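Pasting in a structure now, in structure tokens, and then I'll have a few things to ask.
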Number of protein chains: 2
Amino acid sequence: MSIHLRPSQALRLWQQTSLAEVRAGGPDLTERQIAILLTIYLDPPPHTVRGLAEKLGVTKPVITRALDTMGALKFVSRHRDERDRRNVLIRRTVDGALFVERLGDVVVAKAAELPL
Amino acid sequence: MSIHLRPSQALRLWQQTSLAEVRAGGPDLTERQIAILLTIYLDPPPHTVRGLAEKLGVTKPVITRALDTMGALKFVSRHRDERDRRNVLIRRTVDGALFVERLGDVVVAKAAELPL
DNA sequence: GGAAACCGTTTCGGTTCCGTACCGTTCATT
DNA sequence: AATGAACGGTACGGAACCGAAACGGTTTCC
């Protein structure tokens, strides 16, 4: 039983959610940053810079910079992999989990308000 | 008959859509820019800088700059209002309509693929 | 042990974005 | 005709971003 959405509903949902996020005054993340953040929180760990770069189809510095920004926001944290010290493991944080959880709630709420 | 989504489904939908957009290699819009673009394409005209600033709860320069960027992408166009030459009317473009339409289709497709 | 491969970060020049404050034009009111 | 309000845009210093390339630290492989 999959989710059925018409294009007009999908766009309205996207607009209402974006609008709510902007108005809430939180950080103005880019689409890349959102994709990275959600991947870290939804896909099973471990997450590495290279792995994320491949999954998103972007270069490594893009990931490094996004992690810098979201690390400053305390949405993610970095830790050296002790089993292979070349790797950096990206981990979730309490603040990041709260942010993602709240985002999910906003989408659900806006979906429920959607007109036919 | 409203749309029912669980938070986990909402987040997965958001992730899959963002991921598809990033991988498609299009412009990396910020959440603010997306909110502006969708508002221009979904809400009835006319759209002005001030009106958009109020709707999003941001300052005018934010709108001006976003219109600069999206104008360079040919997603929107600006025209002086001849009835009140203080106003600038923001209009849709063919390229912008295509972009928005494609975004809607991506959301619909990802929603259909959503697991239970 | 030394070369090669791998990983994440840093550097470079250049672009875009931010918020605050100010500017030039146009309209409304008197 | 003049004043004040309204509108969009610009200037500023500071921050974040880009892609391409180079850089150290680590592991792997002969």
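If you're wondering where the values come from, they're calculated on a predicted model, not measured in any experiment.
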Please check if the number of heavy atoms outside B/Arg80 that lie under 6.0 Å from its CZ is greater than 12. yes
Sort and list the pairs that fulfil side chain to side chain donor-acceptor pair (under 3.5 Å) and have at least one residue in residues 35-47 of chain A, not counting sequence neighbours.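 Found A/Thr39-B/Gln15, A/Asp43-A/Lys55, A/Asp43-B/Arg12, A/Asp43-B/Gln15.
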Treating Ile, Leu, Val, Met, Phe, Trp and Tyr as nodes and any side-chain heavy-atom pair under 4.5 angstrom as an edge, say whether A/Leu56 and B/Leu103 lie in one connected cluster. yes
In residues 44-57 of chain A, which residues come under 4.0 Å of DNA chain C by heavy atom?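 Heavy-atom cutoff 4.0 Å gives A/Thr48, A/Val49, A/Arg50.
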Could you pull out the protein-nucleic contacts involving nucleotides 22-30 of chain C (nitrogen or oxygen on both sides, under 3.5 Å)?
from	atom 1	to	atom 2	distance (Å)
C/dC27	OP1	B/Arg85	N	2.9

Would a single hydrophobic cluster contain both A/Leu11 and B/Val108, if residues Ile, Leu, Val, Met, Phe, Trp and Tyr are joined by side-chain heavy-atom contacts under 4.5 Å?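 Yes, one cluster joins them.
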Can you check whether B/Thr30's main-chain N or O pairs, donor with acceptor, with B/Gln33's side chain at less than 3.5 Å?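 At least one qualifying donor-acceptor pair exists.
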Give a yes or no on whether A/Val106 and A/Ile34 share a hydrophobic cluster (residues Ile, Leu, Val, Met, Phe, Trp, Tyr; joining criterion: side-chain heavy atoms under 4.5 Å apart).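 A/Val106 does not cluster with A/Ile34.
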Is it true that B/Leu52 and B/Leu89 fall in one hydrophobic cluster, defined by side-chain heavy atoms closer than 4.5 Å? no
Going 5' to 3' along DNA chain D, which nucleotides are the first and last within contact of chain B (any atom under 4.0 Å from a heavy atom)?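 Nucleotide range in contact with chain B: D/dA6 to D/dT10.
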Starting at CH2 of B/Trp14, measure out to CG of A/Leu13 and round the result to the nearest 0.5 Å. 6.0 Å
Is it true that, when you exclude A/Arg78 itself, more than 12 heavy atoms of the residues, nucleotides or ligands shown sit nearer than 6.0 Å to its CZ? yes
Indicate the atoms forming the closest heavy-atom contact of A/Leu19 with B/Ala35, along with that distance. CD1-CB, 4.0 Å
Heavy-atom pair of closest approach, residues A/Leu5 and A/Leu114: CD2-CD2, 4.2 Å
Output yes when a side-chain donor or acceptor of A/Asn87 lies under 3.5 Å from a complementary backbone atom of A/Asp81, and no otherwise.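 Flag not set: sc A/Asn87 to bb A/Asp81 has no pair under 3.5 Å.
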Kindly give the heavy-atom pair with the smallest separation between B/Pro45 and B/Arg92, and that separation in Å.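 Looking at all heavy atoms of both residues, the closest pair is CD-NH2, 3.9 Å.
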Kindly calculate the angle separating the two end axes of the helix from C/dG1-D/dC30 to C/dT30-D/dA1, each obtained from five base pairs, and round it to 10 degrees.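 For the helix from C/dG1-D/dC30 to C/dT30-D/dA1, the axes at either end differ by 10°.
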Tabulate protein N/O versus nucleotide N/O from nucleotides 10-19 of chain C, keeping only pairs under 3.5 Å, one per line.
from	atom 1	to	atom 2	distance (Å)
C/dC17	OP1	B/Gln33	NE2	2.7
C/dC17	OP1	B/Thr69	OG1	2.5
C/dC17	OP2	B/Thr69	OG1	2.4
C/dC18	OP1	B/Arg32	NH1	2.8
C/dC18	OP2	B/Arg65	NE	3.0
C/dG19	OP1	B/Arg32	NH2	3.1
C/dG19	N7	B/Arg65	NH2	3.2
C/dG19	O6	B/Arg65	NH1	3.2

Whether the side chain of B/Thr93 engages the backbone of B/Lys74 through a donor-acceptor N/O pair (distance < 3.5 Å, no angle test) should be reported.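 Checked: pair present.
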ILVMFWY network linking A/Val58 to B/Leu29, side-chain heavy atoms under 4.5 angstrom: yes
